[in-house]
Novice: 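Provided herewith is a single structure, encoded as structure tokens, for subsequent inquiry.
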Amino acid sequence: PDFRSSERTFQLLTQVAGRAGRGKIPGRVLIQTYSPDHPSIRFAERHDYLSFYKQEVEERWEHGYPPFRQIINTIIRSRVEKHAYVFARALRDSLTAEWPNAGRPENDTAVELIGPAPLPFYRLRGHFRWHVMIKAPRGRAVAQDLLRHLAKIKKPSSVAAVVDVDPLNIL
């Protein structure tokens with residue numbers, strides 16, 4: 001579910017393949033996968049960095065991911081499941097009031113609001129985790145708007161909220 005997973009897969013496979021042939025005896029790399037036709041695997045197999053980059057850039061442009069748009073991910077967690085969800089909904093509702101057209105953006109200047117949604121690792125270390133994600137044009141002061149909204153919502157002491165701008169990992 002992370003938009004950078006293809007890039008990480010490509011990097012890891014090319015790194016392993018590069019290390020396999022360093023000795024006097026040529027190395028051999030075997031990759032076991034359910035997705036042999038995935039671009040990360042096809043391009044890594046051919047050591048085709050440029051084609052992988054071109055494909056990845058097109059995907060990120062099409063879906064509004066960095067470096068073309070900014071992602072701001074707010075992770076809400078609590079040991080009480082209902083508290084985390086209720087706060088995540090309150091945040092989303094507050095932001096929806098600020099940006100009434102924050103669904104799927106029709107143009108490059110619109111803000112896209114996603115969530116609240118449970119994180120893939122929904123329960124981690126005894127905490128229930130939800131997130132509200134914002135995709136916004138670069139240069140727009142969306143993070144400041146988000147912090148303002150977080151400050152005005154009554155947050156139970158059992159809830160923690162973390163704002164991550166352009167997160168390296170959204171899991």
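Remember, predicted model here, so these are calculated numbers, not experimental data.
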Novice: Starting from L50 and following side-chain heavy-atom contacts under 4.5 Å between hydrophobic residues (I, L, V, M, F, W, Y), which residues can be reached?
Specialist: none

Novice: By side-chain hydrogen bond (donor to acceptor under 3.5 Å, both in side chains), which residues pair with D166, not counting sequence neighbours?
Specialist: R138

Novice: I want to check something: taking the side chain as every heavy atom from C-beta on, are I114 and V132 in contact at a cut-off of under 4.5 Å?
Specialist: no

Novice: Return the set of residues passing ring-ring contact (aromatic ring centres under 6.0 Å, His included) with F3 (not counting sequence neighbours), or none when no residue passes.
Specialist: Y65

Novice: Can you find a heavy atom in the side chain of F68 that is under 4.5 Å from one in the side chain of V57?
Specialist: yes

Novice: Could you walk me through whether E59 and Q55 pass side-chain contact (heavy atoms from CB on, under 4.5 Å), step by step?
Specialist: CA-CA 6 Å; E59 285 280 319; Q55 183 268 335; 3.4 Å; yes

Novice: According to side-chain hydrogen bond (donor to acceptor under 3.5 Å, both in side chains), who are the partners of D48, at least two apart in sequence or on a separate chain?
Specialist: S51

Novice: Under the side-chain hydrogen bond (donor to acceptor under 3.5 Å, both in side chains) test, which residues partner S94, sequence neighbours left out?
Specialist: H149

Novice: Suppose we screen for salt bridge (Lys or Arg N to Asp or Glu O under 4.0 Å). Which residues come up paired with E7, at least two apart in sequence or across chains?
Specialist: R60

Novice: Show me the donor-acceptor pairs within less than 3.5 Å that the side chains of residues 33-44 make with the rest of the protein, sequence neighbours left out.
Specialist:
unit_1 : atom_1 : unit_2 : atom_2 : d
T33    : OG1    : S35    : N      : 2.8
H38    : ND1    : S40    : N      : 3.0
H38    : ND1    : S40    : OG     : 3.3
S40    : OG     : S6     : O      : 3.0
R42    : NH1    : D37    : O      : 2.6

Novice: Please collect all side chain to side chain donor-acceptor pair (under 3.5 Å) contacts where either partner lies in residues 80-92, sequence neighbours excluded, each pair once.
Specialist: E81-Y122, H83-S158, Y85-R89

Novice: What residues form a side chain to side chain contact (heavy atoms under 4.5 Å, CB included) with A17, not counting sequence neighbours?
Specialist: V29, H47

